[in-house]
Structure formats: C-alpha cells, structure tokens
Amino acid sequence: MKTQQKKLTRSFYTRNVLTVAKELLGKIFVKVENGNKILSGYIVEVEAYKGKVDQAAHSYKGKTKRNEVMFEEGGHLYVYFTYGVHFCANVVTGKKNEGDAVLIRAIEPVEGLNLMAERRFGKTELNEKEKINLTNGPAKICQAFNLGRKENGEDLTGGKIYLLDRPKIPTKEIIKTKRIGIKKSTGLLWRFYIKNNSYISKR
DNA sequence: ATCAAGATTACCT
DNA sequence: GGTAATCTTGATA
C-alpha cells in the first residue's frame, strides 16, 4: 500500500480549524456505497467556520439540534439542509465541543464520474461544461456524492466516508479570500482554494 | 403558532 | 446581473 494514500486518522482532524482547512486541499474525499461502489475526488476549495468567534458559523450561538454534530470531536461529517433545496457537507475539526468545521466547497472528481453524472444531470454523456459543473459547489458535491441526512454525523475514521492522504499543497499555490454567501463576519479571509484549478466554484 | 432567514443553484433577461 | 425554488430550524409571542 502506498503511504501517500493512507486514510487520514483522528489526529489530522483534531487540530486548529484553519490549519486543517488548508491541509484538506488536495486530499481525496472517498465515499463507499453498498460496500463496493466508490466515488472519489480531490478537495480543491474549502471554507473554515470557527464557532466561538465567527458569527457566520452555525455553531456561534451554541449547540442546537441542527448543529450538534459540529460539537463532536474532529473527524466527523456535518451535513446540513438549507434553502429548502440543498445539502452542504463539512468536516468537523478540533476537540469535542469546539464547534469548528470546514465546508467542502468544490471537488475535482476522480472515480465514479458516471454515477455522479447520473445524479446531477440524469445522464452519463457529459460535455466539457457539464463535466466541470459536476462538483464545483457545496450543494453540487452533496448531490453527486448523495450526501444527506443519513450521512450527517458519519465518522470519517470509519469505512464508509473517509479522506486519503496526499502531499500538502504548497502555501504559494493556495489562494485565500473572503467566504461566499454569508452576511456576518465577512472580513475573515477563511476561504481557501488551489490556484489554477478548474473546478473552483467562484473566482 | 407564527415567521424570517438561510455557508445555494439553475434559469432567466 | 436578478431571482424563484422550497423547507427546516430557531427565535419570539
């Protein structure tokens, strides 16, 4: 087994949310379905949310039924429903009760393209534009990977959904910007993405 | 019991 | 660039 492709363990996730956010770039997100169907892709864009200081974080005002997974120990998946239409997926970070998580905003697909295409567009033959459009946004990822209520709270150190290690992306190839779609704490530059990657949700 | 807002997307002009 | 879609949650009464 290649050491570069080892599954990330608990200690990766239980660190500071900004550190984990930047290091998540380039890692491979994997979902196993029915024990064999594999969906995977490189994480290319993320945003950090820090419960204790960040007014835009769902966890800012404390634990509720909706956001309780954010207060779990790092290494869990927080999936929430929004706008009456969409799901978004986050990687919880830090110690238990920290309330920190990283929103996965864009993925470059690697395996399971046909299944993703079927779920996104109801067909498997895609043109170039549709191919880029498969997973270049937080809710698109959830549709392509079929992440919903069932996956909320999933332990990423288990066998169904997990991340594979890859070399760190060099700091100079990481672009740092304001987060998208929020109205509070807009001054924080906590969105990170890989420079020159085609699957970024928004330039 | 009621209500406003929401970590978005697709489709329109 | 503008906005409808669509529903759950959390706050307030």
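In what follows, chains are A, B, ... by sequence order, proteins preceding strands, each numbered from 1.
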Separation of B/dC11 atom P from A/Asn133 atom CG, nearest Å, is 10 Å

### Task
Would you verify whether the NZ or CZ of A/Arg15 falls within 45 degrees of the ring axis of A/Phe12 while also being under 6.0 Å from that six-membered ring's centre?
yes

Between CG of A/Asn67 and P of C/dA11 the distance, given in whole Å, is 10 Å

By nearest-heavy-atom nucleotide on DNA chain B, the more 5' of A/Phe81 and A/Phe121 is A/Phe81

Between A/Glu73 and A/Lys95, is there a side-chain N and carboxylate O pair less than 4.0 Å apart? no

| So, is A/Lys140 near the phosphate of B/dA10, with a side-chain N or O under 4.0 Å from OP1 or OP2? | yes

Whole-Å distance, A/Tyr83 OH to B/dA5 P, equals 12 Å

A/Lys184 NZ to B/dA5 C1', in whole Å, measures 9 Å

Rounded to whole Å, the CZ-C1' distance (A/Arg191 to B/dA7) equals 12 Å

Of B/dT9, C/dG10, C/dA5, the nucleotide closest to the side chain of A/Thr64 is C/dG10

- prompt: Ignoring hydrogens and geometry, is there a side-chain-to-backbone donor-acceptor pair from A/Asp54 to A/Ala56 under 3.5 Å?
  reply: yes

Does a side-chain N or O from A/Arg105 land closer than 4.0 Å to OP1 or OP2 of B/dT8, or not?
yes

- State whether A/Tyr162 and A/Lys7 meet the cation-pi test: NZ (Lys) or CZ (Arg) under 6.0 Å from the six-membered ring centroid, and within 45° of the perpendicular axis. yes

Considering only heavy side-chain atoms of A/Pro138, the closest of B/dA10, B/dT9, B/dA7 is B/dT9

| Would you call the rings of A/Phe81 and A/Phe87 parallel, tilted or perpendicular, where under 30° means parallel and over 60° means perpendicular? | tilted

Electrostatic pair A/Glu45-A/Lys140, nearest N-O below 4.0 angstrom: no

query: Would you say B/dA10 has OP1 or OP2 under 4.0 Å from some side-chain N or O of A/Arg120?
result: yes

note: A/Tyr80, atom OH; B/dT9, atom C1'; distance rounded to Å ~ 13 Å

A/Arg119 CZ to B/dT9 P, in whole Å, measures 18 Å

- Task: Scan A/Arg66 against the nucleic acid and name what it touches under 4.0 Å (heavy atoms): base, sugar-phosphate only, or nothing.
- Result: sugar-phosphate

Checking all strands, does A/Tyr49 fall into the base, sugar-phosphate, or nothing category for heavy-atom contacts under 4.0 angstrom?
base

note: A/His86, atom NE2; B/dT8, atom C1'; distance rounded to Å ~ 4 Å

Quick one: label A/Ile182 by what it contacts on the DNA or RNA (base, sugar-phosphate, nothing), any heavy atom closer than 4.0 Å. sugar-phosphate

### Query
Does B/dG6 have OP1 or OP2 sitting under 4.0 Å from an N or O in the side chain of A/Lys183?
yes

Across every strand shown, the nucleotide meeting Watson-Crick or G-U wobble geometry with B/dA7 (both distances under 3.5 Å) is none

Note to self: Over all strands shown, is A/Ala56 touching base, sugar-phosphate only, or nothing at heavy-atom distances under 4.0 angstrom?
What the structure shows: base

Any strand, both distances under 3.5 Å, Watson-Crick or G-U wobble: C/dT6 pairs with none

